[in-house]
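Worksheet: one structure, shown below.
In what follows, every chain begins at residue 1, and chains take the letters A, B, ... in the order their sequences are listed.
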4 protein chains.
Amino acid sequence: MQSRSPASRTGRPRSAAADAAILAATREALVDLGWSKLTLGDVATRAGVAKTTLYRRWAGKNELVVDAVAELFDELELPDSGSLAADIEGVVLQFAAILARPEAKSGLMAVVAESTRDEALRARIRESVVDRQKRLVVEGRARAQARGELPPEPDPSHPARTVDLIFDVIAGAVVHRALVSAEPVDTTWARSFTALLIDGMTAATTHSRSGQVAQ
Amino acid sequence: MQSRSPASRTGRPRSAAADAAILAATREALVDLGWSKLTLGDVATRAGVAKTTLYRRWAGKNELVVDAVAELFDELELPDSGSLAADIEGVVLQFAAILARPEAKSGLMAVVAESTRDEALRARIRESVVDRQKRLVVEGRARAQARGELPPEPDPSHPARTVDLIFDVIAGAVVHRALVSAEPVDTTWARSFTALLIDGMTAATTHSRSGQVAQ
Amino acid sequence: MQSRSPASRTGRPRSAAADAAILAATREALVDLGWSKLTLGDVATRAGVAKTTLYRRWAGKNELVVDAVAELFDELELPDSGSLAADIEGVVLQFAAILARPEAKSGLMAVVAESTRDEALRARIRESVVDRQKRLVVEGRARAQARGELPPEPDPSHPARTVDLIFDVIAGAVVHRALVSAEPVDTTWARSFTALLIDGMTAATTHSRSGQVAQ
Amino acid sequence: MQSRSPASRTGRPRSAAADAAILAATREALVDLGWSKLTLGDVATRAGVAKTTLYRRWAGKNELVVDAVAELFDELELPDSGSLAADIEGVVLQFAAILARPEAKSGLMAVVAESTRDEALRARIRESVVDRQKRLVVEGRARAQARGELPPEPDPSHPARTVDLIFDVIAGAVVHRALVSAEPVDTTWARSFTALLIDGMTAATTHSRSGQVAQ
DNA sequence: CAATAAGCGAGACGGTACGTCTTGTCTTTGG
DNA sequence: CCAAAGACAAGACGTACCGTCTCGCTTATTG
């Protein structure tokens, strides 16, 4: 999570309890104050920890918030629901459930904004948040292929089936609906979105750039 | 833009030049410093204006940045390219072009993050940014209907064709690709995404929740 | 006292009341806490002033304490008591009265200690404290010469009568008695000391380096 | 030096070398940083010792500095120079030589300042510094009496001859000259001062409080 | 054309948070 | 039991911004 001393045998070891307390306090502060009013001093106080302890382990507010929010994504799981549509719906709703929590709302977009100017931060986010989401899409795709719902080999003439693209569409749409449009991501919406996506993924033809689309 | 005193007849009028200078200085500071290190004092200095002048016109950093970034979206235009696919591609690429600019990257996501805790800010963003984007989607849909590419009436059995859904998918996917995945939104990607979306929009059937999808 | 902006016509002028409140708060804190536990944050709080206001006017703790203690020396006055002996006694007792106050005890020696490594601080102390003491010695000498108690011209063969030497002896002895020996500088001690000093100043002869002392 | 466990038979004995290293490191730090910037952590590092070791042996910065500076006074010695004047001069110059060293300058006045609020510290200073200086004055007086330069019995009608008074005058004048006036205590000054003092000590008469002194 | 009213620059103000440093204690490994 | 290493809670440091305020001055409109 934070930088691990490779081999420091001597000296008092870092308190493991402090880590958990700090991350929990960070989420609590995110709920109460939001990202911009969250202060490390306040987090330290809430965690019953000295500010120095906090700075010893995290480089700053951004890194701390990423780790605190990342723990929310530990619970992401892809239950085998028997069909691609149900799997996608499940992923959408699970992701939405996390985004609905105020600590995620406040924190996640803010660190993404910060990451536009900090490559290391982006890597940290990718590693501890994005890739965990993406794993679900990859798994879901594999299951659909096993079931025969999707062709086993990625069709080079059909780039619409790329995992990267599908993932950006799913994650982007859910985030935009939840945070920008500020409308609920409920079962109804999830079903509509899933229908749109599956139709897009499974359509038979690739389109020429300016051709007529549907007849 | 900012709140206008409804009837202030007497006294010295506010300098119009100051407004422009401040917004330009804000974008410059966003490029140089990013949202989190941008300070109103620095913006005032860059604009050659007193801090008081700035606070007289904007309530705070968030409102200022929204207005500064909003001006970037003035240039959004939907050229009539003759097909739905080309229109969508155009929208995607125009939106991506704005997002590629550092002042938009830094500022936009940050104010969206802030807006999760500030309803007035969200309204301001919607009004001056989101609705301007959405207008393109609405227009594009109208043109497609006029051309016969899409059915004229929104099909209640086909919610996938809702403007709101389509807009969240387009805007969300572009933002996610650009800022989270940090991959370029170029013509290739835009074409793949457009194909996926059009297939989803024009598919003949609505899917039952757990049915087999494609055969 | 602190650095005076030579000519700043514009901007809000500095509060004169703040200066007085800060210096009074500093003396209060010196009494309560002593020099080493005095913090500028605490002084600011006591004065009902922001820390920034304090740092805007003084470079640090040392400069602030010098100014705060210096005000105690404003009351130094040499009443014309009619004889050299009485004048010296008066100076000794006045100086001792100031040194007896805990804010002087705590602060004065500490800044002198600091001044051993800070030439600017030493100059500030000399200007606002030492020279005000010295003035009394100079005046007392002038009066004694006017009365005929001391020869009018400084005797080059009698360097013992130098003002600098006399001043170091008076000030040094009083400080040492009060702070190092920690014994009271009362009338009895002042009288003994005065006798010793006047005898030294008015003795007829200068001594050769290794000769018998008095004959 | 520091408190010695009266009978600690068991366990690893304390390193005697550590004590010397710590005191030397303290003096080195005093030279480099002065009293106010000297930190115990830095001293420990310079001495190649753990902070714990330091705190185990000294109660704090003040006590440590007193011990470190006190060692400088070990070298004080009164060579029998054959006359009272030469003895006094010798004492003055020896004391001045120590005060000229930056580790003494920085440290001594600071701990004296601290001692105004700490009775135990004052006792420690008296014991390890002041009394060692005073011993020289006592010895010098005894020799002068043996030589017949001073009357054998303390004259109750002549309190100017009290050892305490003489000591405060000598030590105070030297310190004031060296640290407050910041002028060199060289042979010239020492000779003038000695002349003044001896004249004061050996004058025949006690003065009535308001009598005419010299004509 | 003078009076009035608001805008404007400059910069001080009371606050708050920053990220670092020091203090004195505690907890580990190892001699 | 002592020593080194270093983590720990506490809290001060001096700086930077915040958003407000008080100045003296400028620029319009209105009487």
Side-chain angles (χ1 to χ4, degrees), chain A residues 5 8-15 17-18 37-45 47-61, chain B residues 5 8-15 18 37-45 47-61, chain C residues 5 8-15 17-18 36-45 47-61, chain D residues 5 8-15 18 36-45 47-61:
Chain A
S5 331
S8 82
R9 197 137 310 261
T10 161
R12 178 176 174 172
R14 290 190 180 169
S15 156
K37 312 222 153 171
L38 176 150
T39 67
L40 296 202
D42 179 64
V43 168
T45 303
V49 141
K51 246 193 322 174
T52 21
T53 298
L54 215 150
Y55 279 104
R56 203 177 290 119
R57 301 176 185 210
W58 284 277
K61 186 163 151 173
Chain B
S5 325
S8 73
R9 197 132 318 244
T10 172
R12 175 176 173 173
R14 289 188 180 167
S15 156
K37 312 222 155 177
L38 176 149
T39 70
L40 296 201
D42 179 64
V43 169
T45 304
V49 140
K51 240 191 337 168
T52 340
T53 300
L54 215 149
Y55 277 106
R56 207 176 287 121
R57 303 176 185 208
W58 284 276
K61 184 164 153 172
Chain C
S5 334
S8 88
R9 197 138 308 263
T10 130
R12 178 175 174 174
R14 288 191 179 169
S15 156
S36 65
K37 313 222 153 173
L38 177 149
T39 67
L40 295 203
D42 179 64
V43 169
T45 303
V49 140
K51 238 188 339 167
T52 24
T53 298
L54 216 151
Y55 278 106
R56 202 176 289 119
R57 300 175 186 212
W58 284 277
K61 186 163 151 172
Chain D
S5 328
S8 72
R9 198 134 317 244
T10 166
R12 175 171 170 178
R14 289 187 179 168
S15 155
S36 64
K37 314 222 153 174
L38 175 149
T39 69
L40 297 200
D42 179 64
V43 169
T45 304
V49 141
K51 243 190 337 169
T52 337
T53 300
L54 215 149
Y55 278 106
R56 207 176 287 121
R57 301 178 187 205
W58 284 276
K61 182 163 154 173

Name the pairs: protein N/O against N/O of nucleotides 18-22 of chain E, kept only if under 3.5 Å.
unit_1, atom_1, unit_2, atom_2, d
E:dC18, OP1, A:Leu40, N, 3.0
E:dC18, OP2, A:Leu40, N, 3.3
E:dC18, OP2, A:Gly41, N, 3.2
E:dG19, OP2, A:Tyr55, OH, 2.6
E:dG19, O5', A:Tyr55, OH, 3.4
E:dG19, N7, A:Lys51, NZ, 3.0
E:dG19, O6, A:Lys51, NZ, 2.9

- Query: Where is the tightest heavy-atom contact between D:Ala18 and D:Arg57, given as atom of each residue plus distance?
  - Reply: CB-NH1, 3.6 Å
- Starting at atom CZ of D:Arg56, determine the distance to atom P of F:dA5, rounded to an integer number of angstrom. 13 Å
- Sequence-distant partners of D:Thr39, side-chain contact (heavy atoms from CB on, under 4.5 Å), two or more places apart: D:Asp42
- Task: Could you tell me which residues satisfy side-chain contact (heavy atoms from CB on, under 4.5 Å) with D:Lys61, sequence neighbours excluded, listed by chain and number?
- Result: D:Trp35, D:Leu38, D:Leu40, D:Val65
- Message: Can you measure A:Arg57 atom CZ to F:dA7 atom P for me and round it to whole angstrom units?
- Response: 9 Å
- Using heavy atoms to find the nearest nucleotide of DNA chain F for D:Thr53 and A:Ala50 separately, return the residue whose nucleotide is more 5′. D:Thr53
- For D:Ala50, enumerate each residue passing the side-chain contact (heavy atoms from CB on, under 4.5 Å) test, keeping only those at least two apart in sequence or located in another chain. D:Thr52, D:Thr53
- Message: For A:Ala47, give me all partners under side-chain contact (heavy atoms from CB on, under 4.5 Å), at least two apart in sequence or on another chain.
- Response: A:Ala21, A:Ile22, A:Ala25, A:Val49
- Task: Encode nucleotides 23-28 of chain F as B, S and - characters from 5' to 3', where the letter depends on protein heavy atoms closer than 4.0 Å: B to the base, S only to sugar-phosphate, - to neither.
- Result: ---BBS
- Query: For B:Leu54 and E:dC8, what is the distance between atoms CG and C1' respectively, to the nearest whole Å?
  - Reply: 13 Å
